[in-house]
Number of protein chains: 2
Amino acid sequence: MADRTKPSPVNVFPARRPTIRDVAARASVSIGTVSRVAGGSARVAEATRARVLAAMAETGYQPNAAARTMRTSRTRTIGFLIPDMANPVFSRVAIGAEPVLSAAGYMLFAVSSNRSPARELAFLEAAQQRQMDGLIVTLADETHGPVVERLGRIGVPLVILDRDVPVAADVVYSDHARPIETLVKQMVAQGHRRIALITASEKIRPGRARAEAFRKALAEAGLAAEERLIRSRAQTAEYGAAEAHDLLTGPKPPTALIAGGNEIFQGALRAIRLLGLSVPRDLSLAGADDRVLAELVDPPITVIDRDMAEVGATAARMLLERLDGLDAPPRRVLLGSSVVLHGSIGRPKGKR
Amino acid sequence: MADRTKPSPVNVFPARRPTIRDVAARASVSIGTVSRVAGGSARVAEATRARVLAAMAETGYQPNAAARTMRTSRTRTIGFLIPDMANPVFSRVAIGAEPVLSAAGYMLFAVSSNRSPARELAFLEAAQQRQMDGLIVTLADETHGPVVERLGRIGVPLVILDRDVPVAADVVYSDHARPIETLVKQMVAQGHRRIALITASEKIRPGRARAEAFRKALAEAGLAAEERLIRSRAQTAEYGAAEAHDLLTGPKPPTALIAGGNEIFQGALRAIRLLGLSVPRDLSLAGADDRVLAELVDPPITVIDRDMAEVGATAARMLLERLDGLDAPPRRVLLGSSVVLHGSIGRPKGKR
DNA sequence: CTGTTAGCGCTTTCAC
DNA sequence: GTGAAAGCGCTAACAG
């Protein structure tokens with residue numbers, strides 16, 4: 001039996017979204033009090049609070065975020081810019097960051113730039129106009145002037161992932177040098193003298209760091225770095241396949257190959273398969289950033305592996321510290337990478 | 001030489017973000033005129049427009065999205081909810097939707113629910129409070145009451161992806177029946193009588209649709225569907241591995257297996273590898289939604305393939321039509337799936 | 001074509 | 001502990 005003394009929870013005129021004013025009227029309090037209850041902060045008499053909460057439930061009140069932002073200039077929103085959201089290496093970062101941020105009351109919104117600096121600029125502009133409270137950013141090309149400039153003026157806490165950008169922001173980056181060094185050493189120890197590297201463009205830190213580490217490791221092994229064996233222009237599967245094919249069918253082909261980058265790794269595998277080469281008999285191989293693939297192909301391939309969710313969680317924590325008012329010089333956090341060994345690195349042909 | 005008649009583009013007091021009022025003062029016009037120029041819509045004298053644009057550039061003016069939303073109730077923002085952003089099957093949808101939406105002036109913000117209905121609810125609430133203009137949604141569990149209920153009241157244009165939800169919204173879904181039918185027919189034609197299916201939970205349409213199609217195809221082939229050979233409870237790699245292992249080591253193991261779902265496919269492959277089974281000699285196999293993996297393992301595996309970017313582009317177009325005011329009953333678009341043939345389906349053991 | 005003005009819904013003093 | 005009131009920055013009438 002319906003209790004006629006209680007107002008019906010069904011609104012007769014639900015066209016307009018209820019505002020703080022509707023709730024106030026229903027609870028017979030002022031809008032200030034409703035605001036205090038909604039905000040949860042200031043002290044309100046228990047009985048009043050209960051009346052207001054009931055009125056909120058009955059009207060289906062939802063605070064208007066735009067109005068809040070008008071007053072407070074805060075949105076409880078973090079933007080996450082990634083070059084390619086379909087690449088798990090990037091999207092896993094979001095998986096790691098999200099729980100940290102949501103626990104602190106922030107929503108994480110991911111945007112994929114599709115590796116286009118123009119889209120990156122559009123994102124930064126949108127983030128600024130929407131007054132996002134903080135940003136986590138992975139650039140497609142850290143040499144792009146307008147993007148870097150805009151990042152410098154962004155005016156909100158910013159964490160940059162694995163890029164060297166001349167901007168006063170916190171950075172989380174991965175150790176690319178150590179795994180390359182490990183792999184080169186292992187290949188050299190097996191007797192390889194002609195080792196090739198395919199990796200991302202040197203316009204982004206990972207490509208640069210891997211190429212540099214590669215040259216250094218070769219030098220330390222007493223081997224002359226042959227620039228023809230270093231390919232670092234792009235990070236697509238197509239690029240990986242094309243360069244692998246070119247390397248392996250060219251004069252004096254390498255006996256060992258490091259495919260740095262998950263898409264490059266896929267492409268290189270395809271080229272190797274197409275050429276009918278057997279790993280590690282015809283070619284020793286190491287990949288990166290795709291353990292699943294590495295372990296399911298035959299034979300399983302030794303891979304560089306990174307915990308991208310940890311990258312995301314770390315970035316989120318650093319951002320929260322800034323949002324909490326931390327005023328410190330830009331910080332840089334280096335996260336380790338590991339090498340997962342499988343049997344894909346053997347002795348070069350003719351040396352067994 | 002500096003032209004003293006022009007105001008300096010460097011603000012002496014840049015602490016506060018310039019507003020429409022600052023621009024108006026600098027251009028010696030009213031704020032209404034600045035608004036008209038910013039909005040780009042109404043007609044403004046060419047000379048005035050130029051002055052205003054100059055003043056905007058000089059002050060570095062950025063419209064305040066919250067203030068605009070206050071007045072217009074629109075945000076030019078579309079929310080995209082996915083169960084797992086690290087799964088390319090989902091994130092490719094965003095890659096397809098983004099260009100369509102950005103061309104129409106909308107930003108696409110992706111949020112990963114991590115398959116948690118609670119996070120889904122949090123997303124829907126955030127979207128509503130932030131007054132997102134439209135939503136594209138993939139639910140983790142279409143039977144979850146509160147989520148479905150909230151979706152029903154969402155109040156903005158909504159496109160649902162590949163789920164059966166009792167809500168008046170447009171839907172884009174994939175054809176799961178046809179590829180399953182194709183695969184079963186091919187397996188039966190090769191002489192298989194014991195065919196197994198591992199697929200997602202029947203709490204979501206893909207799992208249900210595949211399981212139903214599977215039963216139907218078996219019946220049409222005159223085979224009794226053995227429920228023990230149908231596993232449809234989850235969609236993780238771990239689940240795929242566990243069920244594949246159980247099926248293949250149990251009594252009367254199947255001679256052919258369909259692993260529906262990209263993660264299940266990965267897990268099944270791992271189990272098969274662990275058991276030392278050879279495809280297609282010991283087992284005929286088909287996978288789904290991971291062409292790269294299917295083509296790089298040895299032997300390459302026949303897979304069900306879908307163009308997820310096309311799903312995204314279609315959803316985006318449908319959403320835009322609604323945003324443009326289309327008032328029509330909920331629409332359902334079915335997008336095709338294909339089967340990419342490789343040699344992983346052969347004759348059952350002992351029948352060759 | 002342009003200026004003036006009234007709020008959009010909310011938070012936050014400031015009184016009481 | 002609660003109410004009243006100002007105003008965040010903008011758009012959209014409405015005048016002129």
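Predicted, not measured: the structure shown is a model, and the values here were computed from it. Proteins come first, then strands; the chains are lettered A, B, ... in the order of their sequence lines, and each starts at number 1.
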| task | State whether A:Ser35 places a side-chain N or O below 4.0 Å from either non-bridging phosphate oxygen (OP1 or OP2) of C:dC10. | result | no
| field | Nucleotide D:dG9, atom P - distance to CZ of A:Arg74 in whole Å | value | 17 Å
| Nearest to side-chain heavy atoms of A:Pro63, which nucleotide of D:dC10, C:dC10, D:dG3 | C:dC10
| request: With rounding to the nearest 0.5 Å, note down the distance linking NZ in A:Lys203 to CG in A:Asp164. | output: 15.5 Å
| Under 3.5 Å, is there a donor-acceptor pair between the A:Gln129 and B:Asn64 side chains? | no
| task | Return the value, rounded to whole Å, for the distance between atom OH of B:Tyr61 and atom C1' of D:dG9. | result | 8 Å
| request: Using modelled atom types only, decide if a donor and an acceptor are shared between the side chain of B:Asp84 and the backbone of B:Asn114 within a distance under 3.5 Å. | output: no
| request: Would you mind telling me which of D:dA12, D:dG9, D:dG7 lies closest to the side-chain atoms of B:Met70? | output: D:dG9
| query | Considering only side-chain heavy atoms of A:Val44, which listed nucleotide, C:dG3, C:dC10, D:dT2, is closest? | reply | D:dT2
| query | Between the side chains of B:Arg130 and A:Thr77, is a donor N or O closer than 3.5 angstrom to an acceptor N or O? | reply | yes
| request: Give the rounded distance in Å between these two atoms: CD1 of A:Ile20 and P of D:dG3. | output: 12 Å
| query | Looking at the side chain of A:Ile31, which of D:dT2, C:dT11, D:dG9 is the nearest nucleotide? | reply | C:dT11
| If only side-chain N and O atoms of A:Thr33 are considered, is one of them under 4.0 Å from the OP1 or OP2 phosphate oxygen of D:dG3? | yes
| said: With a 4.0 Å cutoff (strictly under), does any side-chain N or O of A:Thr19 reach OP1 or OP2 of C:dG9? | reply: no
| A:Gln129 has an atom CD; how far is it from atom P of D:dC8, in whole Å? | 20 Å
| On a plain distance test, is the side chain of A:Arg36 in donor-acceptor contact with the base of D:dG3 below 3.5 Å? | yes
| field | Most 5' of B:Ala67 and B:Ala45 on DNA chain C, judged by nearest nucleotide | value | B:Ala45
| A:Arg71 has a side chain; which of D:dC10, D:dA4, C:dG9 sits nearest to it? | C:dG9
| Is a side-chain N or O of A:Arg26 found less than 3.5 angstrom from the main chain of A:Ala55, in a donor-acceptor match? | no
| note | Rounded to whole Å, CG of A:Asp22 lies from C1' of C:dC10 at a distance of 13 Å
| message | Tell me the interatomic distance from B:Arg51, atom CZ, to C:dC1, atom P, rounded to whole angstroms. | response | 15 Å
| query | Can you tell me how far P of C:dC8 sits from CZ of A:Arg16, to the nearest Å? | reply | 9 Å
| request: Remember a base hit wins even if backbone is also touched, and classify A:Val34 as base, sugar-phosphate or nothing at under 4.0 Å, heavy atoms. | output: nothing
| query | Tell me: CZ of B:Arg17 to P of D:dC8, nearest whole Å? | reply | 15 Å
| task | Give one of base, sugar-phosphate or nothing for B:Ser73, where a contact means two heavy atoms less than 4.0 Å apart. | result | nothing
| Is it true that A:Arg150 and A:Glu120 have a side-chain N and a carboxylate O under 4.0 angstrom from each other? | no
| query | Of the nucleotides D:dT11, C:dT2, C:dT11, which has the atom closest to the B:Arg68 side chain? | reply | D:dT11
| task | Check every strand shown and say whether B:Thr69 touches a base, only sugar-phosphate, or nothing at a heavy-atom separation below 4.0 Å. | result | nothing
